[in-house]
Amino acid sequence: MNKKELKKIADTFIKANLEGFEGISPVIKEVKTESDEYAKSLKTKKAKLKERIFSFTYVNSSGFFKSVAVVTMTEDGKIIKTSKSG
Amino acid sequence: MKEITALYDSKRISKKYSKKFTVKIQDALVSSSNFIQFIDVCESKKKKTKDFLLSECRDSVILIIGGDDIFPFERTESFVEDGDEDVCTDNWWVSSNTDSVVPEIEISRVPDSIDDDEGSFIKTLELLFKSNKVRADEKAGMTAEIWKTAAENVFLALKCQGEMLSSPPHTVENKLSFDSYEGGLYFNLHGAEDEAGWYGQRQRFSSYREEYPLAILPKNISKGIKNSFLASEACFGAFVNQKKASDSMMLTALKSGVKFCIGSTATAYGTFAPPISEADLLVSLFFTEFLKKKNASLAFLNAKRIFAKKNLEKNGFLDDDDKKTLVEFVMYGNPLTEVSFE
């Protein structure tokens with residue numbers, strides 16, 4: 001999927017689950033998945049990664065608290081993780 | 001007994017306090033009966049000191065003396081594009097990674113406040129290092145109503161009896177107070193760089209009028225607590241730069257019977273949908289490790305490493321909010337603190 005299609009998935013998720021992010025355009029970033037250095041330092045084997053990963057970061061700075069939501073998904077549009085600022 | 005390697009900057013200490021104050025700090029720490037070596041770290045020797053720690057002090061516990069003005073935090077990028085300009089971290093000293101994400105040695109810091117004088121800072125050090133024991137047969141917590149489910153999961157990891165308040169309905173108007181309290185304190189509330197207290201948040205469909213009620217202020221934890229420990233997931237919960245003790249929950253806690261705190265110096269992240277992740281996962285892992293009778297800084301180091309390992313084994317990478325969680329969470333206070341059930 002291209003970034004536009006992925007954004008649509010992220011936007012739909014945010015709209016359905018979180019308030020306060022209406023009309024906010026996310027910062028789209030390809031996540032750096034290079035992690036050999038961490039795996040070596042932790043003496044662990046990392047899971048194999050076949051796809052590119054993208055994050056969609058929504059920042060609402062207009063409220064009493066800055067509010068941030070992050071949707072992380074594969075290039076196939078599978079949402080891996082969602083998180084929200086505290 | 002583990003050895004503490006205390007890092008201090010005598011020039012900065014002399015500038016803020018007096019030339020003789022470094023010796024007073026050393027005396028206060030030595031009299032705590034812990035094994036301690038001291039390293040004077042000036043700006044030009046930072047890299048050399050770090051190399052020494054990573055090669056010769058891997059079994060030691062690193063203890064940084066002072067807040068940002070007398071021993072500056074290292075600054076890293078905010079991995080998440082969330083508007084945080086940079087992130088204060090102590091991981092830099094104990095990580096050989098290029099981005100300081102995975103720590104390798106135990107570390108803690110005793111920050112001073114901008115209104116500390118020599119007497120009050122020595123008093124804090126003496127209070128923190130008087131003993132290395134805390135109680136963990138009682139717990140108390142507070143969460144924003146909107147994060148109740150994730151917070152309850154984290155609170156469960158502290159396996160002892162106690163109640164977690166939700167805000168709302170709890171607000172600072174309810175006059176929370178402690179009376180001879182000894183145990184764990186857990187907070188999952190909102191915080192901000194320039195706020196003294198932490199705030200709740202109502203659920204999406206809630207009948208409460210106020211969206212972000214003020215839940216707790218430093219004065220609420222300034223009396224009635226001893227031999228306790230505190231973990232907070234609040235954004236900027238551990239941001240103490242240029243703050244008076246009365247303007248910071250953590251600085252107040254360290255002067256009021258809390259032996260150590262863990263928290264975030266920047267915007268922190270938590271679970272939106274299960275399973276628990278980011279700050280929720282890190283704090284939960286910390287409680288589990290700490291209750292295995294590991295000293296506080298070892299439990300914290302283990303929690304960070306297990307956190308990174310779990311994510312690498314599950315996803316094959318650390319995403320931006322995982323990395324940020326690992327660098328922004330810091331420990332303040334006595335790193336040798338262990339739990340006592342006697």
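Given the structure is predicted, the values throughout are model-derived calculations rather than measurements. The figures here come from the full heavy-atom set of this structure, side chains too, leaving out hydrogens, waters and symmetry mates.
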Problem - Under 4.5 Å from any heavy atom of chain A - which part of B:Glu278 - result: side chain

Problem - B:Lys292/B:Glu289 salt bridge by N-O under 4.0 Å criterion - result: yes

Problem - Under 3.5 Å side-chain donor-acceptor pair for B:Glu145 and B:Ser166 - result: no

Handout entry: Under 4.5 Å from any heavy atom of chain B - which part of A:Phe56
Key = neither

Completion exercise
Only residue of B:Phe286, B:Phe229, B:Tyr332 satisfying side-chain contact (heavy atoms from CB on, under 4.5 Å) with B:Ile262 is B:Phe286

Handout entry: Option in B:Ser95, B:Ser264, B:Gly83, B:Gly191 with maximal non-hydrogen atom pairs under 4.5 Å from chain A
Key = B:Gly191

Exercise for the section: Mark yes when over 12 heavy atoms from residues, nucleotides or ligands other than A:Asp76 sit less than 6.0 Å from its CG; otherwise mark no. Expected result: yes

Completion exercise
Under 4.5 Å to a heavy atom of chain B? For A:Leu18 that would be both

Exercise for the section: Could you look at B:Lys314 and say if it's the side chain, the backbone, both or neither that has a heavy atom under 4.5 Å from chain A? Expected result: backbone

Problem - Side chain to side chain, B:Ser297 and B:Met331, heavy atoms closer than 4.5 Å - result: yes

Fill in the blank from the handout: When the 4.5 angstrom heavy-atom criterion is applied to B:Glu104 and chain A, the contacting part is side chain

Completion exercise
Whatever's closer than 4.5 Å to a heavy atom in chain B on A:Thr72 counts as side chain

Exercise for the section: Could you tell me which portion of A:Lys48 (side chain, backbone, both or neither) has an atom closer than 4.5 angstrom to a non-hydrogen atom of chain B? Expected result: neither

Practice task
Salt-bridge test for A:Lys40 and A:Asp36: reply yes if a basic N is under 4.0 Å from a carboxylate O, no otherwise.
Solution key: no

Problem - Contact class of B:Asn188 relative to chain A, heavy atoms under 4.5 angstrom - result: neither

Handout entry: Contact class of A:Ser55 relative to chain B, heavy atoms under 4.5 angstrom
Key = side chain

Handout entry: Largest heavy-atom contact set with chain A, pairs under 4.5 Å, which of B:His190, B:Lys309, B:Arg204, B:Arg305
Key = B:Arg204

Fill in the blank from the handout: So, the part of B:Phe79 with a heavy atom under 4.5 Å from chain A: the answer is backbone

Exercise for the section: Against chain A, work out which of B:Leu318, B:Thr271, B:Val80 has the most heavy-atom pairs shorter than 4.5 Å and name it. Expected result: B:Leu318

Problem - Under 4.5 Å from any heavy atom of chain A - which part of B:Thr98 - result: both

Handout entry: Residue from B:Asp319, B:Asp99, B:Asp82 passing salt bridge (Lys or Arg N to Asp or Glu O under 4.0 Å) with B:Lys324
Key = B:Asp82

Practice task
Could you tell me whether the side chain of B:Cys235 reaches within less than 4.5 Å of the side chain of A:Phe65, counting heavy atoms only?
Solution key: no

Exercise for the section: Sort A:Leu42 into side chain, backbone, both or neither according to what part of it lies under 4.5 angstrom from a heavy atom of chain B. Expected result: both

Practice task
Side chain from CB out, backbone as N, CA, C, O: work out which of these in B:Asn315 comes under 4.5 Å of a heavy atom of chain A, or both, or neither.
Solution key: both

Problem - B:Tyr186 versus B:Glu233, side-chain donor and acceptor atoms under 3.5 Å - result: yes

Practice task
Answer with side chain, backbone, both or neither: which region of A:Thr57 has an atom nearer than 4.5 Å to a non-hydrogen atom of chain B?
Solution key: side chain

Problem - Heavy atoms from other residues, nucleotides or ligands near CD of B:Glu85 exceed 12 (cutoff 6.0 Å) - result: no

